[in-house]
Amino acid sequence: MTERLIEVAGVEKAYRFFRLTNVSLELEAGQIMGFVGPNGAGKSTLMRILMGMARHDRGSVRVLGHPIPEQQAPAKRDIGFVSEDMRLHGNVSLAWHMKLIASIYPAWDATYADVLLDRFNLHAEQQIKALSHGERVKATLLLALARRPRLLLLDEPTTGLDPVARHEILTELMAVVQDERRAVLFSSHNTQDVEQISDQIVFIDRGRIIDASDKETFLDRWRRLHLDVPAGVELPALQDVVETRTSGQIAIVTTKAYSPGLETIYQRAGAQVRDIQRMTLEEIFVANVMSNRREQAA
Amino acid sequence: MNATLVRRLILMDLYLMRWPVAGSLLAGSVAIAMMPLGAVSSYVGSVCLICVLVILNIVLVMTFIVQEKKDKVQIFMLSLPVSTTQYTAAKLLANATAFAGCWVALTIAVVAVIDASALPNGTLPFLLAVLAYLLMYYCVLLAVGLASDSAGWHATVITIGNVSVNFLIPWLWSRPSIYQNRNSPFAVWSGDIVAVLAIEIAVAMAALGLALYVRSCRTDFV
């Protein structure tokens with residue numbers, strides 16, 4: 001049986017102007033889960049709840065089998081956490097931080113740390129305050145990776161990085177889950193990064209999880225159909241169609257549950273299917289968020 | 001595991017605070033060394049010693065607690081295998097050890113210099129009341145630094161703490177039991193002095209206790 005490294009059930013957390021509502025998710029060993037949402041969707045809040053840095057109002061959270069926040073300290077022995085806004089001590093070097101982390105985590109892999117130093121083009125003796133944003137993120141990631149944690153929680157680690165730095169980081173993350181006991185939860189609003197490395201994807205918007213599935217299912221079931229709709233023909237209202245845009249006799253229909261039967265339905269209604277397009281994860285994400293917001297407003 | 005880790009975090013913080021602590025010990029020692037050199041030197045030395053302890057207080061709390069929160073270094077520290085309570089305890093103990101260590105060393109030096117020089121021992125109770133005020137001021141600022149993220153509260157405590165010493169000194173001299181014994185060859189621990197010291201210690205303890213309580217009630221730490 002596959003081990004669940006994260007179990008979140010019915011979690012709620014209220015702030016004055018924001019509410020995390022009924023969030024549930026599970027992450028199994030060997031998986032990379034992409035946690036995608038616009039700015040302010042609740043990604044960082046959930047990450048901080050998982051780390052015990054923020055206490056949820058309702059629901060239950062277990063990380064590596066430990067209830068959070070009660071047993072956050074033992075859980076964090078096997079978690080590597082990196083967030084985009086995390087800072088290291090500015091007046092000391094990366095080597096000093098590496099020594100600190102090595103003294104805390106028995107699993108610290110000095111050889112791998114040296115490999116990452118070289119791969120990320122970092123200089124251990126350089127003071128942290130002299131590092132660029134990208135170097136700083138890579139330094140925090142090095143400190144998290146070289147301790148060989150079973151679970152990596154990464155809160156927007158690629159935000160503001162150049163394409164080369166992003167590629168370096170994503171490559172390292174993919175290498176992590178070659179060990180099937182480990183897992184990564186990776187939050188981002190950059191769908192390209194998520195699409196590249198994740199096998200599970202969760203969309204969150206305005207504090208609610210709006211959709212969750214494995215990546216292939218997402219990419220398979222979302223489609224955009226281009227239809228010719230002669231005058232007088234009315235397209236049937238279908239439950240899984242999230243958006244229909246019309247311009248003259250052309251209609252573009254977005255569906256979240258594509259099956260070949262859909263073409264037949266439109267053809268029977270008198271429309272002609274001209275093209276069926278697969279959608280990128282970004283297009284799926286935007287369509288999903290917008291359709292969810294329309295449902296909430298209705 | 002965690003007692004070891006908390007001790008390591010304390011040692012780490014003490015290492016980071018080593019330069020302000022060393023600088024304060026050096027500057028404080030120079031200030032104390034000036035005290036027996038004459039009336040003007042004694043006054044200048046005393047004022048310099050007060051300044052050294054006030055600056056150390058503000059630097060330790062604002063740089064190593066408040067700024068650490070503001071700069072989000074706290075997120076990194078809380079990603080280590082400690083609970084939020086253990087992290088708070090480590091921060092408080094490290095910071096308090098750094099300040100109290102300096103304070104104790106400089107206070108012992110003041111007592112030793114006064115005892116060994118021609119300065120009358122009768123000034124010791126007054127000086128200790130002022131030094132204890134600085135310790136109390138540190139504890140209150142540390143408490144507010146730990147419990148609150150508000151720059152307004154920090155500025156308020158710093159302003160009141162800095163200004164109040166200007167009221168405390170004339171008030172202490174206005175107490176006959178303190179003023180009349182200032183040139184005595186022996187330290188006279190009058191009821192006024194004991195009451196002032198007791199109040200200062202009580203306020204310091206209450207502030208720290210309140211800060212720990214407020215911190216324990218918080219649900220969000222970053």
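Each chain gets a letter, A, B and so on, in the order its sequence line appears, and its residues count up from 1.
Annotation: side chain of V82(A) is not in contact with side chain of F76(B) (no heavy-atom distance under 4.5 Å). Counting only heavy atoms from C-beta outward, the side chains of L88(A) and V73(B) never approach each other to under 4.5 Å. Two residues are said to be in side-chain contact when any heavy atoms from C-beta on lie closer than 4.5 Å; P69(A) and T84(B) fail this criterion. A 4.5 Å side-chain heavy-atom check between V92(A) and M12(B) finds every atom pair outside the cut-off. Here the side chains of T219(B) and K13(A) are in contact, with some heavy-atom distance below 4.5 Å.
For CD of E180(A), the number of neighbouring non-hydrogen atoms (other residues, nucleotides, ligands) closer than 6.0 Å is 12 at most. No more than 12 heavy atoms of other residues, nucleotides or ligands shown are found within 6.0 angstrom of CH2 on W153(B). With a 6.0 Å radius and a threshold of 12 heavy atoms from other residues, nucleotides or ligands, R208(A) has its CZ atom at or below the threshold. Within 6.0 Å of atom OH in Y43(B), 12 or fewer heavy atoms from other residues, nucleotides or ligands are found, so the atom counts as exposed in its surroundings.
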| task | Assess whether side chain to side chain contact (heavy atoms under 4.5 Å, CB included) is satisfied between W19(B) and N91(A), documenting all intermediate values. | result | CA-CA 11 Å; W19(B) 292 120; N91(A) 290 322; over 6 Å; no
| message | For a side chain to side chain contact (heavy atoms under 4.5 Å, CB included) check, start with the C-alpha distance between I75(B) and M53(A), then their side-chain angles and the critical distance, and finish with the verdict. | response | CA-CA 8 Å; I75(B) 299 178; M53(A) 295 175 188; 4.0 Å; yes
| message | Does R8(B) form a side chain to side chain contact (heavy atoms under 4.5 Å, CB included) with S103(A)? I'd like the steps, not just the answer. | response | CA-CA 9 Å; R8(B) 192 162 286 142; S103(A) 73; 3.1 Å; yes
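If you measure heavy-atom distances from I49(A) to chain B, you find no contacts under 4.5 Å at all. Contacts between L143(A) and chain B at a heavy-atom distance below 4.5 Å involve the side chain alone, from C-beta outward. Contacts between H97(A) and chain B at a heavy-atom distance below 4.5 Å involve the side chain alone, from C-beta outward. Only the side chain of Y15(B) comes within contact range of chain A, with heavy atoms under 4.5 Å apart. Both the backbone and the side chain of L80(B) come within contact range of chain A, with heavy atoms under 4.5 Å apart.
Atom CE of M86(A) is separated from atom CG of L78(B) by 9.0 Å, given to the nearest 0.5 angstrom. We find the NE2-CD distance between H89(A) and E68(B) to be 4.5 Å, quoted to the nearest 0.5 Å. Between atom CZ of residue R147(A) and atom OG of residue S79(B) there is a gap of 5.5 Å, rounded to the nearest 0.5 Å. Summarising the geometry, atom NZ belonging to K76(A) is positioned 7.0 Å from atom OG belonging to S83(B); distances are rounded to the nearest 0.5 Å.
A salt bridge does not link D220(B) to R48(A): none of the charged side-chain nitrogens sits closer than 4.0 Å to a carboxylate oxygen. Salt bridge K72(B)/D85(A): present, at least one basic N to carboxylate O contact under 4.0 Å.
The two residues P81(B) and A73(A) come nearest to each other via the heavy atoms CB-O, 3.4 Å.
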